[in-house]
Amino acid sequence: MDARPKAPPAAIVQAYEQRNQPALTFVLAYFELPAQAAEGYRANVSGGIRRHLDTLWTVLQRQPQDSVGPHASLLPLPKPYIVPGGRFREVYYWDSYFTLLGLRESGRTPLMRSMVDNFASLIGRYGFVPNGNRTYYLTRSQPPLFALMVQLLAQAQGDTVLRRYHPQLLQEYAYWMAGADSLLPGQATRRVARLPGGEVLNRYYDSGDYPREESYAEDVATAAKSAQPKPVFYRTCAPPLPRAGISARAVWPGRRLGLHPHHGAGACRSELRALARANH
C-alpha cells in the first residue's frame, strides 16, 4: 500500500490480469517500493540514553513533501515530522503526543510546533486527524489528543498558541461530537454513544465496512472464519463474530466498544449497559 505506482491504476490492473511472471517480478516492474523508516541505522547506546534519543530524533525525522506523485498513498504534510520507525513510515496521531513529550524534554520546541502545525493542516483539509497520513486511514481517527498537543506547545511558547489553533480545536470537537444532540438513551451514531442514563461517550468509529487496505489479506482470512454465510467486515464495532479490520492502532487503547448503528437499539443498549457497568 505504501509503494508508489509507476503507471495509472487501470493500466496496472490490466497488466496484472494478463501477467505471466512471478508476483514479485510484477510488483517490482510496476511499483517503487518504499524504504524502511530507519533503513541502515544501527543503535549505539554507549554514549547514554539521552544521546541515543537525540540521535533518533534525527533518524526518524521526515521532511515535508510538496508532491508524492499521482496515486501514492502518502498524504503530504507542510512541516517536518517524526515517524515511529520500524515498518511505520508515516506520522501517527496519538503516538505523536508521546513523541511531543520527548521533544519537549529534548528542548526541540520548533519541531514540536511543526508537528502541531501538521495536525492542524490535516484537520483543515479533512475535518479531523486521520489514523496516520495515508489515504487508507481517511476512514478513521485515533484518540483525539490534538488539544493536549496544543497545551504542551502553549506551555513552551505561551498562551498565544491557544488562539492560533482555536479554529482547528473547534473543528475537531465538532467531528467527534457530530450527532450527539439528537441521540436518545441507548442510541449510538458515528463517534458518539448515549448511555441509558443519558451520559454521552465518544467511541472508535470507522466509516469503512471493507477489509483494511493495509491489512487486506489478514482481514479476508479473519472474515472467512465467520459464522456468517458471506464474510462480513466489521470495522466499527465488536460483534459476537470473528472480527476483521480492527487493529491495535485502530482502536482506543484498552477499550473496544462493541456498537454498530445497524445492529438495532436492543444490541446497542445491551452493550452500553455492559460498558456503563465497567465504567462504574
Side-chain angles (χ1 to χ4, degrees), residues 1-3 5 9 12-13 16-17 19 21-27 30-31 33-34 36-37 71 73-74 84-90 92-95 128 130-143 186-193 195 201-279:
M1 288 305 300
D2 299 344
I12 296 177
V13 171
Y16 181 78
E17 292 173 346
R19 74 192 186 283
Q21 71 264 56
L24 181 57
T25 303
F26 177 86
V27 169
Y30 286 93
F31 294 91
L33 299 184
Q36 291 295 322
H71 312 300
S73 64
L74 191 67
R87 68 182 181 91
F88 300 107
R89 311 173 186 90
E90 52 284 307
Y92 282 86
Y93 185 13
W94 82 293
D95 304 54
F128 70 105
N131 195 86
N133 63 315
R134 293 283 179 183
T135 55
Y136 49 77
Y137 287 142
L138 286 173
T139 60
R140 55 199 193 265
S141 185
Q142 288 187 328
Q187 290 184 337
T189 182
R190 288 174 281 185
R191 292 156 293 278
V192 285
L195 297 181
L201 294 180
N202 290 105
R203 63 173 186 166
Y204 168 72
Y205 182 85
D206 189 328
S207 60
D209 59 356
Y210 44 82
R212 292 169 296 165
E213 293 92 331
E214 77 278 14
S215 299
Y216 189 91
E218 294 89 335
D219 287 356
V220 169
T222 302
K225 301 175 183 177
S226 170
Q228 295 286 338
K230 181 180 180 181
V232 178
F233 296 94
Y234 295 91
R235 291 170 53 150
T236 62
C237 62
L241 297 169
R243 283 174 294 177
I246 297 183
S247 70
R249 288 188 169 273
V251 300
W252 287 60
R255 174 173 296 160
R256 295 172 184 248
L257 178 54
L259 302 174
H260 193 284
H262 303 303
H263 284 180
C268 284
R269 281 196 294 270
S270 172
E271 296 194 85
L272 285 168
R273 291 193 192 99
L275 178 61
R277 288 194 297 271
N279 286 342

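Everything quoted here is computed from the prediction, not taken from an experiment. One is the number of the first residue; the rest follow in order along the sequence.
- Closest of all the heavy-atom pairs between Y204 and S141 is CE1-O, 4.1 Å.
- N131 places no side-chain N or O within donor-acceptor distance of the main-chain N or O of Y137, the cut-off being under 3.5 Å.
- Atom CD of E214 is separated from atom OG1 of T135 by 10.0 Å, given to the nearest 0.5 angstrom.
- The two atoms that bring P5 and F31 nearest to each other are CA-CD2, 3.7 Å, heavy atoms only.
- The shortest heavy-atom contact between A188 and A193 is CB-CB, 3.8 Å.
- With a 4.5 Å cut-off on side-chain heavy atoms, R203 and V192 do not count as touching.
- Distance CD/E213 to CG/L138: 9.5 Å, rounded to 0.5 Å.
- Taking each heavy atom of E90 and P84 in turn, the nearest pair found is O-CD, 3.2 Å.
- Atom CZ of F88 is separated from atom CZ of R134 by 11.5 Å, given to the nearest 0.5 angstrom.
- Here the straight-line distance linking atom OH of Y205 with atom CZ of R190 works out to 8.0 Å at 0.5 Å rounding.
- Closest approach of P211 to V220, counting heavy atoms only: CG-CG2, 4.1 Å.
- Looking at heavy atoms from C-beta onward, Q142 lies in side-chain contact with D95 at the 4.5 angstrom threshold.
- Separation of atoms CZ (R191) and CG (D206) is listed at 10.0 Å; rounding is to 0.5 Å.
- Side-chain atoms of Y136 and D2, non-hydrogen and from C-beta on, do get closer than 4.5 Å to each other.
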